[in-house]
Amino acid sequence: MSRAGAMHGAPMAFARELGRLVRDRRAELGLSQTELAERCGMKQPQISRFETGGTVPTLPLLRRLARALDSDLTVSLTPHDGGGHPGDSDSHSDDDVIVGSHSARP
């Protein structure tokens, strides 16, 4: 795959994973897409597009969604094992993305 193709693929994989996390949390709370949209000032089609990975979200949008889903948003940079320098070969590619979510504490 070309570098341009890889750049397109990584953000879309990231968007799909974030969308899955939002969909799963929404379902866990028993909310419809319309109810979630109302909670965060969006429209239902925007929620649908986001949940299917059709859009790459901005951080402000992720913060709004996290609040609406009674969840914390955590973004972190985790060093690779081995303490190598950028460009050193390791088990991660430049396009690896690890996404997780945490529910807010009661």
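We're numbering straight along the sequence, starting at 1.
- Among residues two or more places apart in sequence or in another chain, the side chain to side chain contact (heavy atoms under 4.5 Å, CB included) test is passed with Ala68 by Leu36, Arg39, Cys40.
- Atoms CG and CG, on Leu65 and Leu21 in that order, are 11.5 Å from each other to the nearest 0.5 Å.
- Here Thr34 contributes atom OG1 and Ile47 contributes atom CD1; the two are 9.0 Å apart, rounded to the nearest 0.5 Å.
- A donor atom on one side chain and an acceptor atom on the other are not found under 3.5 Å apart for Arg49 and Thr55.
- Partners of Glu38 under the side-chain hydrogen bond (donor to acceptor under 3.5 Å, both in side chains) rule, at least two apart in sequence or in another chain, do not exist in this structure.
- Between atom OG1 of residue Thr58 and atom CZ of residue Arg63 there is a gap of 8.0 Å, rounded to the nearest 0.5 Å.
- For Ser32, the side-chain hydrogen bond (donor to acceptor under 3.5 Å, both in side chains) criterion is met by Glu35, not counting sequence neighbours.
- Contact check for Val56 versus Phe50: no side-chain heavy atoms found under the 4.5 Å cut-off.
- For Ala66 against Asp72, the heavy-atom pair with the smallest separation is CB-C, 4.3 Å.
- A donor-acceptor pair under 3.5 Å is formed between the side chain of Thr52 and the backbone N or O of Ser48.
- Atom CG in Leu73 sits 7.0 Å away from atom CG in Leu59 (nearest 0.5 Å).
- Of the possible polar contacts, none joining the Arg16 side chain to the Glu51 backbone as a donor-acceptor pair under 3.5 Å is found.
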